[in-house]
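Here the structure is laid out as C-alpha cells; the discussion comes afterwards.
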Protein chains: 2
Amino acid sequence: MRAEMTPREGLRCGLRERKKRRTHDALIRAALELCTQQGYDRTTIDEIAEAVDVSQRTFFRYFTTKEDVVFAVQEIVEARFLEALRARPAAEPPLEALRNAVLLAWDDLGQVIESIIPVELHMRTYQMIESTPALVAAHLRRSSELEELIATVIAGREGLDVATDPRPRIVVAAFSGVMRLAGRLWGEAGECSVESIRATTEQHLDGIIPAIAGEWRKTTPQRDHASKPPHA
Amino acid sequence: MRAEMTPREGLRCGLRERKKRRTHDALIRAALELCTQQGYDRTTIDEIAEAVDVSQRTFFRYFTTKEDVVFAVQEIVEARFLEALRARPAAEPPLEALRNAVLLAWDDLGQVIESIIPVELHMRTYQMIESTPALVAAHLRRSSELEELIATVIAGREGLDVATDPRPRIVVAAFSGVMRLAGRLWGEAGECSVESIRATTEQHLDGIIPAIAGEWRKTTPQRDHASKPPHA
DNA sequence: TTGTCAACTGTCAGTCACTGACATTAATGT
DNA sequence: ACATTAATGTCAGTGACTGACAGTTGACAA
C-alpha cells in the first residue's frame, strides 16, 4: 500500500502493477478532464470513478482526497524543479539558482508529463486551480511544504543549516511568493501556452531585487510592459 | 443578511442586534476554546452549536464554513494592520512601511481583540492554525487575498497602478512570504507570548534585504541568534 | 396595547467527501 | 492447480454543508 509512486518505476513489473498504474493514470485523466470542463466542485467523485469504471472506494485507495488527484501531475513538475535546482552550479547565488532552475523546469515540462496527460490539459488544470478557492488553498499549502525542501537544498549549497540561519528560508519565501504571483497573473491573462507562463515567471523573478531595493520613484520598472518580448 | 460585520458598530442598536452579536461572539469563543483544546478536526459543529445552545443550522447562518469561525478574529487584526499601513508616512519606502505597520499592529493587538476573546486564546488559536493542515491551507488563501489589498495600498502610496507595474505585488509577495515564515517558526517554538511573535517577526523582516542580496558567503547573518534581544 | 411584518431560529431531509469493516475477485509464486 | 496476498466492490456510517419550510420573536405603526 503506497500512495507515493515514482512515475517512472514499475516498468519491469507484472500485470498487477501495470493494471494499477493504468487505473491510476486513467483516474487522473478523467478527473482533470471532468473538473476543467464542468468545474471542480460541480464534479463529484462518483462521476470520476464511474468514468473510469471503478467504485468510489477504489478512487480513495489511489488518492486520499479529491484535491490529491488534481495535484498529482504538479507533484511530478515539482520533483523536476528540485532536481534542476540540485544540478545548478554551486557558484550561482541562491536567488539566481532558483531562477534558473525554475526556467529550466518549464522548458522540458512537456516531455515529462506528456506520457500521462496532454500538456494542454495540464495548463488548463493550472488555471482551474487558480480560479477555485478550495484548490488555491490546497495549492498554497503544498507550496509551503515544498518551500521547506527548497530551503534545505539552498542551505546545503551554501553550507548552512536552516535551523540556525534564517536566510535560506527567507529567500525561498520571497521566491515562492513571487512564483505564485506570476502563476496567478498568468492564469488571469487567459493565455494558455507554456511559453507565456515561462515569460511571466522570468519577468517577475527578475523584478525581485529592484522591487525589494526600494527607491521606486527614482527608477523605472525593470521591464517595459507595453512592448512584450517575442515568445522564444 | 450580512456575513461581514464591523465589530464595533451595532452599539447603538436594538435588542435584536445585541442578541445577534452575543451569539456571534459566543460561537467564536466556544469554537476556539473547543478547537484549541481537543483539536480542530476532533471538534464538530454540533459540539460548538450545543455549547452555545443553538442549532447547527444557526451556526452556519453566522459562519459560512467551519474554517470561518476560526479566522473571525484574524480578520480584525488584518483590518488593524491595513489601517496602520495606510497611516504610515509617505516618505517611507514600501518595505519599511510594511515592516513598521506590522510591528505597530502587534503592539496594540491586545486592546483590539480583548473585548471578544482573551489574547492568550487568540495566540493559542494562531498556533492551532499553523499545526492543522486544513487551517494552514485556509490561512494561506486568506493571506493571498489580503496581499492583493496590501499591494493596492502600496501602489497608492507610490502613485502606481498594480495593473501596469508589477513591483507593488512583488514586494508584498516577498513580505507576506516572510511574514508567514515568521509565524510558523513562532508557532513551532511553543512560545505563546505576544512579545515573542513580535520579536520573531521583526527579526525576519529585517533579514529580507540582506538575504535577497545574495553574497552570503562573504557576509555574516544580520542577527545573532544565540543572543536574543531583551523583550521590550 | 395590539397586531402586522420582517428577521431570526429550529427541524428535517438531502448531498457529498471520506472511512472502516468485510466479502469477493484476481494476480502471483510454488 | 492451489494457497497466498493484494486489489476491488459493497455497505453502512460520520461530518460538513444546503435548501425548504415552519415556528418565534423583536421592531414598529396604529
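Each chain gets a letter, A, B and so on, in the order the sequences are listed, and its residues count up from 1.
B:D53 places its CG atom 15 Å from the C1' atom of C:dC8, with the value rounded to the nearest Å. With rounding to whole Å, A:R42 atom CZ is found 19 Å from C:dT15 atom P. The NE2-P distance, from B:H24 to C:dA7, rounds to 19 Å in whole Å.
The existence of a salt bridge linking A:R184 and B:E148 is confirmed by a sub-4.0 Å separation between a basic side-chain nitrogen and an acidic carboxylate oxygen. Salt-bridge annotation for B:R29 and B:D25: absent, with no side-chain N of the basic residue lying under 4.0 Å from a carboxylate O of the acidic one. The pair A:E78-A:R142 counts as a salt bridge, with a side-chain nitrogen and a carboxylate oxygen less than 4.0 angstrom apart.
Applying the salt bridge (Lys or Arg N to Asp or Glu O under 4.0 Å) test to every pair with at least one member in residues 123-135 of chain B, sequence neighbours left out, gives these pairs: B:E33-B:R124, B:E120-B:R124, B:E130-B:R180.
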**Study point:** Contact letters for nucleotides 22-30 of chain C, in which S counts primed atoms plus P, OP1 and OP2 and B counts the base, heavy atoms under 4.0 Å
**Key:** ----BBS--

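A:S131 meets the side-chain hydrogen bond (donor to acceptor under 3.5 Å, both in side chains) test with no other residue; sequence neighbours excluded. With sequence neighbours excluded, the residues satisfying side chain to side chain contact (heavy atoms under 4.5 Å, CB included) with A:A101 are A:F81, A:A84, A:L85, A:R88. The side-chain hydrogen bond (donor to acceptor under 3.5 Å, both in side chains) test applied to B:E145 returns B:R141, not counting sequence neighbours.
Taking 4.0 angstrom as the limit, B:Y62 places none of its side-chain polar atoms (N or O) nearer than this to OP1 or OP2 of C:dC8. Between A:T58 and D:dG9 there is a side-chain polar atom (N or O) within less than 4.0 angstrom of OP1 or OP2.
In this structure, A:H122 and A:Y126 have perpendicular ring planes: the angle between them is above 60°, well past the 30° mark.
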For nucleotides 17-19 of chain C, list the nitrogen or oxygen atoms of the protein found under 3.5 Å from its nitrogen or oxygen atoms, one pair per line.
unit_1, atom_1, unit_2, atom_2, d
C:dA17, OP1, A:T43, O, 3.4
C:dA17, OP1, A:K66, NZ, 3.1
C:dA17, OP2, A:I45, N, 3.2
C:dC18, OP2, A:K66, N, 2.6

